[in-house]
2 protein chains.
Amino acid sequence: MIELRHLRTLIALRDAGSLVEAAERVHLTQSALSHQIKDLEERLGTALFVRKTRPVEFTRAGQRLLALAEQVLPLVRMGERDVARLIGHEPGRLHMAIECHSCFQWLMPTIDHFRDHWPEVEIDIPGGHHFDPLPALAREQLDLVITADPQPLSGVYYEPLFRYQGLLAVARQHRLAERAFVAPEDLADETLITYPVEHARLDVFTQFLDPAGVRPREIRTAELTVMMMQLVASGRGVCALPNWALTEYLERDYVKAVGIGEAGMWSTLYAAIREESREQPWMEDFLRTARETSFAVLEGIKPA
Amino acid sequence: MIELRHLRTLIALRDAGSLVEAAERVHLTQSALSHQIKDLEERLGTALFVRKTRPVEFTRAGQRLLALAEQVLPLVRMGERDVARLIGHEPGRLHMAIECHSCFQWLMPTIDHFRDHWPEVEIDIPGGHHFDPLPALAREQLDLVITADPQPLSGVYYEPLFRYQGLLAVARQHRLAERAFVAPEDLADETLITYPVEHARLDVFTQFLDPAGVRPREIRTAELTVMMMQLVASGRGVCALPNWALTEYLERDYVKAVGIGEAGMWSTLYAAIREESREQPWMEDFLRTARETSFAVLEGIKPA
DNA sequence: CCAAGAACATGAGCTAATGTCATGATAAAT
DNA sequence: ATTTATCATGACATTAGCTCATGTTCTTGG
C-alpha cells in the first residue's frame, strides 16, 4: 500500500534533485530512501525516476505520483491544522525575541503566513528589551527566542530550524576577494567587524579564530547589518555573517563573500521554547511553518 | 505523522460502526486498531470518537479527519490506478464466467465501474458455454471465474472476495418462518429446491445436511432465482440461497428467510484467476473494485 | 440483580518493515 | 587517471506495528 511517507519522499526528491539531499530533508539516510523507493517501485512494478541524470528526472509514473502528492499533502496538512485548532481553543500567545540581528527577512513571511491560520494567537515581537532573552523565556515573559547559541537551561527546549554557512564579506577589490575560502591566519592583519555582543557568542571566534590561536588586528562593532556592509564595501574591514544575511548585498555586487575555512563554518539556528509549549498545536505549526518558509525563502541552508 | 493507514482505518470504522468489525474489514485484529487509533489520538492530542455508543460517534476532530479521508483516499486510488495503467499498455482481456447464478446484481456495477477506468481492457461474459469453467480458465479460454467452491488446480489462484451467509427461504406462512434458525432435521420432510448442479457443489448438503445424515423428502431444481422464489412463495418447497440473493425478495415481503444451523452457514466467494494474471495491474484493480463494490451494494457480508 | 456476552483497553512479546552502516559500483569532474 | 559525487546493496539494528492473552466496562436477558 502506498503511504504518505512515500509521497513526502517524492516531493523532497523533486525539490532537492538528488537522493542525498532529499534524504537530509526528510531526516533519513540516503540508504533509507534508496530502499524505500526501490520497494515502492517494486510494488508498483515500474521505475519512478531516472537516477543517472542531475537533477533526477521523473518517469511518467513518477510524475503522476508527484502530482498526487501535490494534491494530497496540502489537504492533509490543512486537515491536521484544523484538528490542531479544534483542540487548542484557548487563545495562544507567541511573544518572541530574535537574537540574530538579521532574521527578519525570513521570519516575517513566516509570521504573515502563520497569522492567517491562527488568528487567535497573539503574536508580538516586543522591541527594545535590554534583558537577556533566554531567562525571560523561562520566566514566561517570552514564548520563543530565535538564537544561534543554545545554552542548557532547565525547562527550555531548543528546536533546530536549519543550518547555515557563515561567510566572510570582503570588499570587491579586497586581496581575499577571489579566494574560495580563507584560513584563520588570513585574518591576522584584518579589521574584523562584528555585532556588539560577547566574544563567546560569535562563531568566527569560537569556531574559527580561537582554535587556531589567531586574533584579528582590530575589532570594531556595528549594530546593523547595513552599517557593516558599508564599512566592508569601503574597505574598512571584513565581517562574518550568515550566508542568507548577505545574499541581498551579493546580488547587488556590493561586496564579495568567501568561505570561512576549508569545510566552511556551519552553525545551527534554533527556536528556543518552553518544554510545555512544545506540544501546543499552534507551536508545532509555527515551527513547521518557520522551517518551510525558511527553506523557501533562503538559499544555501540545510536541514538541521 | 499521520499516514494513509490511519485514514483507511477511520473510514472502515465509520462504515462498520464498531472497532471489531472495522478490524475485520482492514484485515487486522481489534487490538491492532485500538492501539493504532490510540497512538494517533495521542499524537494529535485529542479523542477521535466516543467508544461508548453504538455505532461509535465521532468527535469533531474525528469528523474532520473523516472528511479528509474522503477527500484524499479517492485521489490516491485514482493515482495508483493511473500509475498501473501507465505500465500495462498491452490491452488486457477479461473474459469471465460466473458460477454462482445470482451474482450479476453486484457484478454489474463492478463491471460498469471498471470499464470506465480501463477502456482498453476487453470485458466479456461469454454466455451459454456448457464446458466446465475452471479448466477453461487454465486453458486461457477464460480469465476469471466467480465461484464458491475452489478446487486445487495448478496455475489457478483463488482470490477470496467476501464471505456471505446462506439463508433458507421459506413461504411467509411456513411453519419454520418464525424460527431464528433451522436444524438439519427440520428439513427432513421438506422439498428442497436447488440449482441444477452436482450435489457436491451445494453448501446446504456439504456443510449442513450431509454431516447430520439428513436427506430432504424431495429435491427439485430450478434454473433461475425468480423461479425458485415463486415455488417457495407458493409453499412448494424451501431453498437455500446467499443472503444477498434474497434481499430483494425479502424487502418485498415475498418470502421469509431463516438461518441455517445455529452458527449460520457461511461460505466464501472467490474470484479464480490464473497465477500470472494475478499481478496484472488491471486485474488487481478489478479485484479491488469488485470487493469494494460488493461491500457497497450488498448487505450482511463479511471480509474473507 | 446477577450471569453471560459484547466491545474496547492494555501489557507483553514477536515479527517484519524500515531504518543505519559500511562498502562497492558508476558516472561526472578535474 | 584520479578524485569526487551519487546511488545501490547487503548485513545488521531498531522499532513500529501487529497478535495474543487478558482485564475492564457496559449491555442484555433470565
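Being a predicted model, the structure only gives us computed values, none of them experimental. Letters A, B, ... are given to chains in the order of the sequence lines, protein chains preceding strands, and every chain is numbered from 1.
The phosphate of dA7(C) has neither OP1 nor OP2 within less than 4.0 Å of any side-chain N or O from Arg51(B).
Residues Gln36(B) and Thr9(B) have side chains that bring a donor and an acceptor to within less than 3.5 angstrom of each other.
The distance between atom CZ of Phe49(B) and atom C1' of dA9(C), rounded to the nearest whole Å, is 11 Å. Rounded to whole Å, atom P of dC18(D) lies 13 Å from atom CE of Met1(A). Residue Leu40(B) contributes atom CG, which lies 17 Å from atom C1' of dC18(D) at whole-angstrom precision. Counting to the nearest Å, the P atom of dT6(D) and the CG atom of Leu19(A) are 10 Å from each other. In this entry the distance linking CD of Glu57(A) with P of dA27(C) reads 16 Å, nearest Å. Look at CD on Glu42(B): it is 12 Å from C1' on dA9(C), rounded to the nearest Å.
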**Message:** Protein within reach of the bases, or only the backbone? For nucleotides 11-24 of chain C, mark each nucleotide 5' to 3' as B, S or -, using heavy atoms under 4.0 Å.
**Reply:** BB-----SSBB---
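Note: Tyr164(A) and Trp106(A) fail the aromatic proximity criterion, with ring centroids not under 6.0 Å apart.
Contact check for Met1(A) versus Arg8(B): side-chain heavy atoms found under the 4.5 Å cut-off. Between Arg274(A) and Met283(A), every side-chain heavy-atom pair lies at or beyond the 4.5 Å cut-off. Counting only heavy atoms from C-beta outward, the side chains of Phe208(A) and Leu187(A) approach each other to under 4.5 Å.
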**Asked** Run the salt bridge (Lys or Arg N to Asp or Glu O under 4.0 Å) check on Glu178(B) and Arg172(B) step by step: do they pass?
**Response** CA-CA 9 Å; Glu178(B) 299 308 326; Arg172(B) 293 171 52 195; over 6 Å; no
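Minimum atom distance to the side chain of Val56(B) is reached by dC8(C), of the listed dT6(D), dA8(D), dC8(C).
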